[in-house]
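Every value quoted in this text rests on a predicted model; they were computed, and no experiment measured them. Residue numbers count from 1 along this sequence. We use all heavy atoms of the structure for the numbers below, so side chains are in, but hydrogens, waters and symmetry mates are not.
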Amino acid sequence: MTAHNSWAKVYDRAYKESFGAFYKELTECTLQVIKEEFAECLKVIDFGAGTGRLSLPLSQLGYKVTAVDASEEMLKELQKKDIEKKINIKSAFMQHFTTDERYDASLCVFSVLIYLTDEKSLNQALFNLKDCLKQGGLVLIDIPLPTAFRDLTYKSETLHRNVVIEKHSDVFTYRESIDVLNENNWKNYSDEFKIRCWQSEIVLNKMKELGFVIKKDLSKKFLGSGALYFLFELN
């Protein structure tokens, strides 16, 4: 089963409630960085777009956005919110994505890389990332740190969320269980999939081999996010 498909309808609610102000602040910080660094960019492709956390506000700012996600159910939630139908939707795993379009910039943030659990998939995904960019194209990417791979328990009067991450070397099993109260009825959503913690050196070296250079290390702007953030430029 594709990650997040089973609970796409409550994904936004679960993250907004269980992470509170941090989730909003992370989104605002990311958008501010994009506005500063992508000032001359018109066409942006958002890998791992999910329900549109970044794609929707960017489209409202005037960017021509293509949202790519492996979960069709998550993209359906995005489409419900995209009332003006400004966003181009593509359902695909990053490592399988192909297009004839060329973009000024790309986003690959909020732990997109962790869903690539073997080196072949990582290599192909990063190649596809390069292949859809114009020369001089920009990439904002995050690399989650080992400290981000931890269990989570959250309970309120209307939402119970339990995340268990079981480690197997660099690959983990991610298990999610969410109970949501709607109109006096509780409904359970569950999910299970594999994720991987990639060493930052591996990702940075692969980006270098593909012709990317680090334009800025933005990690200090995202302290507390559990990830390193880099802005790359394609030579």
Side-chain angles (χ1 to χ4, degrees), residues 2-4 8 11-12 15-16 23-113 115-116 124-143 207 210-216 218 221-222 227 229-235:
T2 303
H4 308 309
Y11 179 93
D12 289 339
Y15 267 83
K16 287 176 181 177
Y23 189 67
K24 181 180 178 182
E25 290 166 4
L26 177 62
T27 300
E28 291 175 347
C29 181
T30 308
L31 289 170
Q32 184 59 40
V33 166
I34 293 168
K35 286 188 284 186
E36 292 172 358
E37 304 297 342
F38 292 10
E40 303 301 321
C41 299
L42 298 175
K43 293 175 64 177
V44 177
I45 185 166
D46 182 9
F47 286 104
T51 63
R53 183 179 70 97
L54 298 175
S55 289
L56 286 162
L58 288 176
S59 70
Q60 292 163 3
L61 288 169
Y63 293 94
K64 296 179 180 177
V65 180
T66 294
V68 181
D69 201 282
S71 170
E72 292 186 4
E73 296 302 317
M74 293 281 276
L75 290 175
K76 286 179 183 178
E77 296 304 308
L78 187 160
Q79 287 177 302
K80 290 177 185 177
K81 293 184 283 185
D82 183 23
I83 298 172
E84 297 180 13
K85 305 304 176 188
K86 290 183 176 181
I87 300 173
N88 185 25
I89 303 294
K90 298 287 185 181
S91 178
F93 289 91
M94 188 177 176
Q95 64 268 36
H96 301 153
F97 178 78
T98 60
T99 181
D100 293 328
E101 295 285 331
R102 293 296 175 266
Y103 297 87
D104 301 302
S106 173
L107 302 174
C108 186
V109 294
F110 209 46
S111 306
V112 175
L113 295 183
Y115 300 97
L116 305 163
Q124 189 61 55
L126 295 180
F127 176 83
N128 293 345
L129 175 65
K130 172 189 176 180
D131 197 47
C132 70
L133 288 175
K134 297 176 181 176
Q135 200 69 22
L138 301 175
V139 178
L140 180 63
I141 193 168
D142 72 350
I143 307 172
M207 293 292 282
L210 287 168
F212 288 98
V213 295
I214 297 175
K215 190 174 181 182
K216 289 185 180 180
L218 297 166
K221 285 184 175 286
F222 294 90
Y229 278 73
F230 295 94
L231 180 70
F232 287 93
E233 184 174 10
L234 180 60
N235 277 343

side-chain contact (heavy atoms from CB on, under 4.5 Å), that's the test. Do Asn128 and Met94 meet it? Break it down for me. CA-CA 7 Å; Asn128 293 345; Met94 188 177 176; 5.6 Å; no
Rounded at 0.5 Å granularity, tell me how far CG in Leu31 sits from CG in Leu61. 7.0 Å
Side-chain donor/acceptor of Asp46 to backbone N/O of Ala67, under 3.5 Å: no
When rounded to the nearest 0.5 angstrom, what is the spacing between NE2 in His4 and OG in Ser71? 7.5 Å
Between Lys134 and Leu234, which heavy-atom pair has the shortest distance, and what is it? O-CD2, 3.8 Å
Answer yes or no: is there a donor N or O on one side and an acceptor on the other, between the side chain of Lys85 and the main chain of Gln79, under 3.5 Å? yes
Is Arg102 reaching over with its side chain to a backbone N or O of Asp131, donor-acceptor style, under 3.5 angstrom? yes
Taking C-beta and beyond as the side chain, do Tyr11 and Glu73 meet within less than 4.5 Å on heavy atoms? no
Ring centers of Phe97, Phe47 separated by less than 6.0 Å: yes
Using a strict cut-off of less than 4.0 Å between a Lys/Arg side-chain nitrogen and an Asp/Glu carboxylate oxygen, indicate whether Asp104 and Lys43 qualify as a salt bridge. no
So Lys81 and Asp12, do their side chains get closer than 4.5 Å, heavy atoms only? yes
Could you go step by step and tell me if Val68 and Thr99 meet the side-chain contact (heavy atoms from CB on, under 4.5 Å) rule? CA-CA 11 Å; Val68 181; Thr99 181; over 6 Å; no
Between the main-chain N or O of Ile87 and the side-chain N or O of Asp82, is there a donor-acceptor pair closer than 3.5 Å? yes
Closest approach of Val65 to Ser55 (non-hydrogen atoms, all atoms of both residues): CG1-OG, 3.6 Å
Smallest heavy-atom separation, Thr30 atom then Leu26 atom, equals OG1-O, 2.7 Å
Of all heavy-atom pairs linking Leu107 and Leu54, the shortest is CD1-CD1, 4.1 Å
For the residue pair Glu36 and Gln32, confirm or rule out a side-chain donor-acceptor distance under 3.5 Å. yes
Would you indicate whether the side-chain heavy atoms of Lys86 and Tyr63 approach each other to under 4.5 Å? no
Taking side chain to side chain contact (heavy atoms under 4.5 Å, CB included) as the test, write out the residues that go with Leu218, two or more places apart. Val33, Leu140, Lys216, Lys221, Phe222, Tyr229, Leu231
Reported CD-to-CD1 distance for the pair Glu101 and Ile45, which is rounded to 0.5 angstrom: 9.0 Å
Of all heavy-atom pairs between Leu129 and Ser106, which one has the smallest distance, and what is that distance? CD1-OG, 3.0 Å
Return the minimal non-hydrogen interatomic distance between Ala49 and Leu78, and the atom names on each side. CB-CD1, 4.4 Å
Would you say the side chain of Ile89 lies within less than 4.5 Å of the side chain of Thr66, judging by non-hydrogen atoms? no
Can you tell me how far CE of Met207 sits from CZ of Phe230, rounded to the nearest 0.5 angstrom? 10.5 Å
Do Phe232 and Leu138 have side chains that get closer than 4.5 Å, going by heavy atoms? no
Close side-chain approach of Leu116 to Gln95, heavy-atom, < 4.5 Å: yes
Working to the nearest 0.5 Å, report the span between OG1 of Thr27 and NZ of Lys24. 10.0 Å
Determine yes or no for a side-chain-to-main-chain donor-acceptor pair under 3.5 angstrom, with Lys130 supplying the side chain and Leu210 the backbone. yes
Could you tell me whether the side chain of Phe110 reaches within less than 4.5 Å of the side chain of Arg53, counting heavy atoms only? yes
Only counting residues at least two apart or in another chain, list the ones meeting side-chain hydrogen bond (donor to acceptor under 3.5 Å, both in side chains) with Lys80. Glu77
Criterion side-chain contact (heavy atoms from CB on, under 4.5 Å) on Asp142 and Cys108, from CA distance to verdict: CA-CA 7 Å; Asp142 72 350; Cys108 186; 6.0 Å; no
